[in-house]
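Here the structure comes first, spelled out in structure tokens, and everything after it is commentary.
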Amino acid sequence: MEFARENILRLEALLQASERPCIVSHPRPDGDAAGSSLALASYLLARGKKPQVLLPDPLPSNLTFLEGAGQAAVFSDDERAVRKALETCDLLLCLDFNCLSRLENLGPAVRECPAPRILIDHHLFPERESFALVFSETQVSSASELLFYILKALPSVGGDIAALPAACRTALLTGMTSDTNNFANSVFPSTFAMASELIASGVDRDDILDRLYRDFKESRLRAMSEILLRELEITPQGAAFFIIRKELWDRYGLQDGDLEGLVNIPLSIGKVRLSASFRESPDGIYRVSLRSKKGVSANRIAREWFHGGGHEQASGGKLLIGQDVPSRGDVAAYVRKALCNL
Ligand SMILES: [Mn+2]
């Protein structure tokens, strides 16, 4: 992967000048948000900086094994700690999201922070005007992959991946593995090359897979089974969707991240070309996840119908009660309409 030399030098200079950089990622952080943020934090720590990771929401339990996860300041838990970090911060590194509004409640505080902002992201349509420096590539698997190649290109790293802290390398491989659903989607030659270099440097991939995919509660699998059995609907046009009711969420005691990956399962059906999940949250917002096979644009449907977007084959958004539909009872009909033109 090639970067403009002036951008790399600018980044190097900004990192060098910074004493208290903050690293920000998106709400309901996933493996790529956590992996890229914590990787960058451990790199900066080893460089003698005092980095602070800021997250809008807590990490799901299967990501707390990453080094530094416990030191992240979480806006929904401790707003004051996040605001305080932003007051003293002299550089703001924004990872795995493309525009400040994506940060929801944390967005205004980040916008007010006077420190220069750097974007490192792989989503479509970056909000370039909000950043002093932009690294945006959509032909990569993940923000973690992009960060890997940026770190490798920094003069201070000198292309020597093995020189990065072990925690940084583990977090990078974790983020990429999670965003590709273990090499199932959005994989490029550069993705395999990254994995190869990291594994050769000693990163324990088996341990990452155990942590990411084989350490859940029984109730998560039972909940997934019930959703697939009772809620999955497949339209004549080849769209599969299901609604995750709040009642089910509460009954199984689920937490954010527990149903990560469930939306991919209906794509295993031959005739299904797009899969969508709708998670009801208490505030009258349904969180939408869309996954599609090649030739169908999850991104277009997310943008046209669900106030969202992301990648061609993997996008997110929301559905608002009182705005998109009058009440909960109208959600399924709206979804059928949205998904009838793939
Ligand atoms: Mn990502």
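Model, not experiment: these values are computed from the prediction. As the structure lists them, so they are numbered: ligands from 1, and atoms in each ligand from 1.
Taking the charged nitrogens against the carboxylate oxygens, Arg28 and Glu104 do have a contact shorter than 4.0 Å, which makes a salt bridge. Taking the charged nitrogens against the carboxylate oxygens, Asp256 and Arg279 do have a contact shorter than 4.0 Å, which makes a salt bridge.
Nearest N/O/S atom of Asp179 with respect to the Mn ion (ligand 1) is recorded as OD2. The Mn ion (ligand 1) sits nearest to atom OD2 when only the N, O or S atoms of Asp32 are considered.
Atoms NE2 of His122 and OD1 of Asp96, as seen from the Mn ion (ligand 1), are separated by an angle of 80°, to the nearest 10°.
Contact of the Thr174 side chain with the Phe65 side chain is registered, since non-hydrogen atoms from C-beta on lie closer than 4.5 Å.
Under a cut-off of 6.0 angstrom, the local environment of CD in Glu247 is crowded, with over 12 non-hydrogen atoms contributed by other residues, nucleotides or ligands.
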